Amino acid sequence: MQPTDLADPPADETVDTPAETTEEKPDETPEDEVAAASPPKEPGRVRRFVSHPRFQLGLTILAGVIVFAALVYPNVLKRLTLGGFARIPIEAAVAIAVFILLPRRPRKVVAIIAGMGLGWLLVEKSLDMGWFETLNRPFDPVLDWILFDDTYGFIRESYGQASAYAVAAGAVLLAVAALALTTWAVLRLSSLIGRHRRVSAYTAGGITALWLVALLTGIQVVPKIPVAARSSATYAYDRARQAKAGIGNNINFKKEIKNDPFADTPGDQLLTGLAGKDVIFSFVESYGRNAVEAPELAPGVDAVLDKGTTSLTQAGFAARSGWLTSPTFGGNSWLAHSTLLSGLWINNQSRYRNLTASDRLTLTSAFKRAQWDTVSVMPGATRAWPEGKFYGYNRVWDSRNLGYQGPKFSWAPMPDQYTLKKFNEVEYGKAGRQPLMVEMPLVSSHTPWAPIPSMLDWDAVGDGSVYNDIVKDAPKKSDIWGSTSKVRAEYGKSIQYTLTSLIEWVQKYGDDNLVLVYLGDHQPSKVVSGENASHDVPITVIAKDPAVLDKIKSWGWTDGLKPATDAPVWPMSDFRDKFLNAYGPNGTNH
């Protein structure tokens, strides 16, 4: 017997063909039979359009434009010009080389990561633009997230709740769109590179060659912006270093808090040179050096200061003025407040949180330890302020309990003249009280500088309802923010208003025991101060008792309300110790 060939069936056996199988099949409807018998449908119009080679080419070009623009996108608004994009990013050549070498799956993973990273750099550079324009510094990726809440509050108070919602939603959508578009663009280009490795290699080589030529020749289309760009890699590295430095700075700051020469000083050895005096520290919102020296601002502001010096002298008061360097610029006033009062450099929110969680001696708590009645008057505060306990205030007056019945003036809940008049009623003018130490920020000069209150007769201020007619006739935000010159002019008027309110209040209500220290918290934003403005702010001490100013004679400050250009400039953090030394038992004032 011959062996049977397993590839063929035996002669006496049969094999079922598909047509003869007895296995049951699912029922078929007539429609299914028709569909199976019909030829496949042609793609629809939209699908044909999307799959057309020219459309696909357009998408590829769009992806290239997105990646190129993201790589050379600046982080300073003034560089956001067509010439600013005339650059060759070396990162493009490096990325092409990486994608050429990677297999398909790893290439896809790397493309997603690179796209997300590129999108994040785009978002952070955009944040830098806003921070530079308002705070004159870049966005801190570790410490500045908390400031979004303050920004939201400012928009809500100045422009309304609907505007705040719209801005917040728009910002989130733009950020998501940036991340999605850059990720899609990098994925598309990486896939193209994988399919055309040789051409991609030539492209990377060409980019590198052009970049080297531009680097060696130093060619620039726009001044100070080299065509040979490596901005994205450098920027990412700088942001990483900034984040690392921020974490390290946070650790070191906790040691700074504990290094306090006045921490254990008994109350009877603090501020003896001011015994029996009422000491008021008043921050004038956005009162910076530019208000006193900039050609378009100084004439109006200096006229108020010169006139005020004369009128205060006639009323028996004297003054000395100097300069302090603020830790902030254009906003974040609380950083300046805490710096002055704590004697520490508080230039970010992390330092502020660590400070207010500590037991650091502030000027407020020093006065309280020395038996002054400590009071805060915060007309700009619209909700509870837990940090008041850290500073050591016995009472806090704010927009909720100052009894104001008039209209808001943009961000400012009430005019400064009203605040000062009400302060006189609820605290300063009371008979039989103990000496006061007061911190009182004045806010009528807060951005957006429209509308601005008008000075009234002090007896006509009342509950503030008189301001309703003033708001109707005053310029609105929309009237001034289309012109930089108008914004600067209104800013100058707002400073003049607040300074006039303070000076008149001293003349009308100040007595022999008044000591007023008023200063700016920071310079106004760049729309007013311009490029390369310093962080300097004026500071002035006013008193009727000559002994008060004699104790700071060696400071070298200028007589009167206007500091000379060459008057001493100190970091704002130096003020606490100098002040406590000058008015301590030994009266040292160096």
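Worth saying up front: this structure is predicted, and the values here are computed from it rather than measured.
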Less than 6.0 Å separating the ring centroids of F253 and Y352?
-> no
Practice prompt. Could you tell me whether D264 atom CG has more than 12 heavy atoms of other residues or ligands within 6.0 Å of it?
Written response: no
Between the CD1 atom in I452 and the OG atom in S444, the distance rounded to the nearest 0.5 Å is 9.0 Å
Original post:
Can you find a pair of side-chain heavy atoms, one from V466 and one from D469, that are under 4.5 Å apart?
Top reply: no
Considering only NZ, NE, NH1 and NH2 on the basic side and carboxylate oxygens on the acidic side, decide whether D306 and K562 come within less than 4.0 Å. no
Rounding to 0.5 Å, atoms CG (N468) and CG (D473) come to a distance of 11.5 Å
*If we only count heavy atoms from C-beta on, is the P441 to S282 side-chain gap below 4.5 Å?*
no
Minimal heavy-atom distance between T565 and R289, with the atoms involved, is O-NH2, 2.7 Å
Q) Are any non-hydrogen side-chain atoms of K368 and N394 less than 4.5 angstrom apart? A) yes
**OP:** Before giving the answer on ring-ring contact (aromatic ring centres under 6.0 Å, His included), spell out for Y518 and F283 the whole-Å C-alpha distance, their side-chain angles and the decisive distance to 0.1 Å.
**Re:** CA-CA 6 Å; Y518 77 86; F283 288 89; over 10 Å; no
One should read off an interatomic distance between M455 CE and S501 OG, to the nearest 0.5 angstrom, of 4.0 Å
Please determine whether the number of non-hydrogen atoms from other residues, nucleotides or ligands lying under 6.0 Å from atom CG of D511 exceeds 12.
yes
*May I ask you to check whether over 12 heavy atoms, not counting those of K486, lie within 6.0 Å of atom NZ?*
no
All heavy atoms of R488 vs all of V527, minimum pair found to be NE-O, 3.0 Å
Between T339 and I346 the two heavy atoms that sit nearest each other are OG1-N, 3.0 Å
Check: Any side-chain donor-acceptor pair under 3.5 Å between D416 and T498?
Finding: yes
message: Taking the basic N atoms (NZ, or NE/NH1/NH2) and the acidic carboxylate oxygens, is any pair closer than 4.0 Å for K508 and E504?
response: no
TODO: Measure the acute angle between the ring planes of F575 and W555, then classify it against the limits of 30° and 60° as parallel, tilted or perpendicular.
DONE: perpendicular
- List the steps and the verdict of salt bridge (Lys or Arg N to Asp or Glu O under 4.0 Å) for K430 and E425. CA-CA 7 Å; K430 286 188 173 180; E425 294 175 3; over 6 Å; no
- Side chains of S445 and S494: do they bring a donor and an acceptor to under 3.5 Å? no
Is there a donor-acceptor pair under 3.5 Å between the side chain of S321 and the backbone N or O of G560?
yes
**Prompt:** Between D260 and R576, is a salt bridge (Lys or Arg N to Asp or Glu O under 4.0 Å) present by the stated rule, with each step listed?
**Reply:** CA-CA 11 Å; D260 186 356; R576 187 204 73 159; 2.7 Å; yes
_Under a 3.5 Å cutoff, is there a donor and acceptor pairing between the side chains of E427 and W397?_
yes
Would you confirm whether the ring centroid of Y509 sits within less than 6.0 angstrom of the ring centroid of W458? yes
> Side chains of I503 and S311: does their closest heavy-atom pair fall under 4.5 Å?
Replying inline: yes
Please tell me whether N290 and S529 have a donor and an acceptor in their side chains that are separated by less than 3.5 angstrom. no
Correct closest heavy-atom pair for V515 and A543 would be CG2-CB, 4.3 Å
Around atom OH of Y165, are there more than 12 heavy atoms of other residues, nucleotides or ligands at under 6.0 Å?
-> no
Take Y418 and F423 through the test ring-ring contact (aromatic ring centres under 6.0 Å, His included) and record every step on the way to the result.
-> CA-CA 8 Å; Y418 176 88; F423 163 66; over 10 Å; no
Exercise for review: Measure the shortest side-chain to side-chain distance between L436 and R433 over non-hydrogen atoms and say whether it is less than 4.5 angstrom.
Suggested key: yes
Value for CD (E296) from OG1 (T484), rounded to nearest 0.5 Å, stands at 10.5 Å
- request: Dump the intermediate steps for ring-ring contact (aromatic ring centres under 6.0 Å, His included) on W323 and W557, then the final yes or no.
  value: CA-CA 8 Å; W323 304 103; W557 286 12; over 10 Å; no
Hey, mind stepping through F132 and L77 against side-chain contact (heavy atoms from CB on, under 4.5 Å) and telling me if it holds? CA-CA 8 Å; F132 273 122; L77 187 59; over 6 Å; no
Quick one: side chains of residues 326-337, donor-acceptor pairs under 3.5 Å with protein atoms, not counting sequence neighbours, listed by atom name and distance.
from, atom 1, to, atom 2, distance (Å)
S326, OG, T328, N, 3.2
S326, OG, T328, O, 3.2
S326, OG, D521, O, 2.7
T328, OG1, G331, O, 2.7
S333, OG, E285, OE1, 3.0
S333, OG, D521, OD2, 2.8
S333, OG, H522, NE2, 3.2
W334, NE1, Q349, OE1, 2.9

When every non-hydrogen atom of A319 is compared with those of L561, the smallest separation belongs to CB-CD2, 3.7 Å
The reported gap from CZ in F390 to CZ in R360 (rounded to nearest 0.5 angstrom) is 8.5 Å
Closest heavy-atom pair, D373 versus R395, reported as atoms and distance to 0.1 Å, is OD2-NH2, 2.6 Å
Assess the residue pair Y391 and W385 against the criterion (ring-ring contact (aromatic ring centres under 6.0 Å, His included)); give the C-alpha distance rounded to whole Å, side-chain angles, the decisive distance to 0.1 Å, and a yes or no.
CA-CA 11 Å; Y391 287 110; W385 187 49; 5.7 Å; yes
Can you find a pair of side-chain heavy atoms, one from F579 and one from L340, that are under 4.5 Å apart? no
message: Using side-chain heavy atoms (C-beta onward) and a distance below 4.5 Å, is L549 in contact with I552?
response: yes
Could you check if a side-chain atom of L271 sits within less than 4.5 angstrom of a side-chain atom of F367, using non-hydrogen atoms only?
yes
| message | How about NZ on K476, more than 12 heavy atoms from neighbouring residues, nucleotides or ligands closer than 6.0 Å, or not? | response | yes
Determine whether the aromatic ring centres of residues F148 and W131 are separated by less than 6.0 angstrom. yes
Partner of F409 under ring pair (Phe, Tyr, Trp, His ring centres under 6.0 Å), picked from W449, Y467, Y497, Y404, is Y467
To the nearest 0.5 Å, atom NZ of K421 lies from atom CG of D463 at 11.0 Å
